[in-house]
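Each remark here refers to the structure printed beneath this line.
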Amino acid sequence: MTSAMLGEFRPLVYRFQMGSFELTTILDGAQTRPGINPPFCIDQGAETIAAHAWANLLPADQFENTFTPTIVNTGKSLVLFDVGNGQMRRDAGAGYLRDRLSLAGYRPEDIDVVAFTHVHPDHIGGVREADAPAFPNARYVIGEVEFDEWSRGDRIPPQRSENRDMFLRLIVPLAENMTFLKPGDDVVAGIRAVEAFGHSLGHMAYLVESDGKAALIWGDVTNHYAFSLQKPEWQVAFDDDKERAIATRKRILDMAAADRLTIIGHHMPFPAVGYVENLNGAYRWLPASYQLRG
Ligand SMILES: [Zn+2]
């Protein structure tokens, strides 16, 4: 007997327990984009890039960009980190976080806090839905430097001018209901902001700690598990301050490897949970297997 082909099937939600917290990652979407350079390896030659792609068993002429917001349930608060693309990319494979919340057992009204790593479009686009707040009961948290830099605008690169308009339209009106963090400040008890400036001028990572276990939500410290993570010094077009982004990438990768941190990365392959392995001085992304069970 023959069976019908059923088409691609990919998981959209992942959850694990860490101490007394539960962490859930949800795939907002995925987009295949032509080329590697740009956005990655923009200071490298085509042969180097092709060889690096080949060594990683990846195509040299395209890459897949995935977007994965994270929810932390501390037992007291439900905190959502970044809100995905929202309506703007819904006809292009992304923007499904809010729809997919129900697959994880949550409703938009359940979210108590929305914390932003930074304000690039794929991290803030989903903050409104049908001209209303997408998470109607949430208060908001953002890095103070990030909010101030985008508000002032004089150091925002010109290619981000549409992005700045989006910030002014979507984020500035939330300021009354927003907390502005310095590095080291808490989002809620057990979740602390970590300075990760460079990808955007005030980009934050967040360290989640419970019962002696820790995970780092690193946002966009690296945007690709091979092209940027393995070569932290290679320039990335997405980074607004490229030198600072490289320094931050190296510092956070060193910390992740040395402290054996569980990492959750917005653009790491879904479920976007893993580790940084330091293999004789070279970094590699190691997807989580059963380290998080029991
Ligand atoms: Zn991003």
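All ligand and atom numbering here is 1-based and tracks the order in the structure.
Using a 4.5 Å cut-off between side-chain heavy atoms of Ile, Leu, Val, Met, Phe, Trp and Tyr, F63 falls into a hydrophobic cluster with I36, F40, I49, L58, V194, L207, L216, W218, V221, Y225, F227, L229, V236, F238, I252, L253, M255, L261, I263, M268, V276, Y283, W285. Through side-chain heavy atoms spaced under 4.5 Å, either directly or across other Ile, Leu, Val, Met, Phe, Trp or Tyr residues, L6 is tied to no other residue.
Nearby protein atoms of type N, O or S around the Zn ion (ligand 1) amount to 4 (distance under 2.8 Å).
Between R251 and E195 there is a salt bridge, with a side-chain nitrogen of the basic residue lying less than 4.0 Å from a carboxylate oxygen of the acidic one. Using a 4.0 Å cut-off between a side-chain N of Lys or Arg and a carboxylate O of Asp or Glu, R164 and E149 do not qualify as a salt bridge.
Applying the side chain to side chain donor-acceptor pair (under 3.5 Å) test to residues at least two apart or on different chains, the pairs with a partner in residues 74-84 are D82-T117, D82-H123.
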Should K250 and E233 be marked as a salt bridge (Lys or Arg N to Asp or Glu O under 4.0 Å) after you check the CA-CA gap, both sets of side-chain angles, and the distance that decides it?
-> CA-CA 8 Å; K250 289 178 174 174; E233 70 281 9; 5.3 Å; no
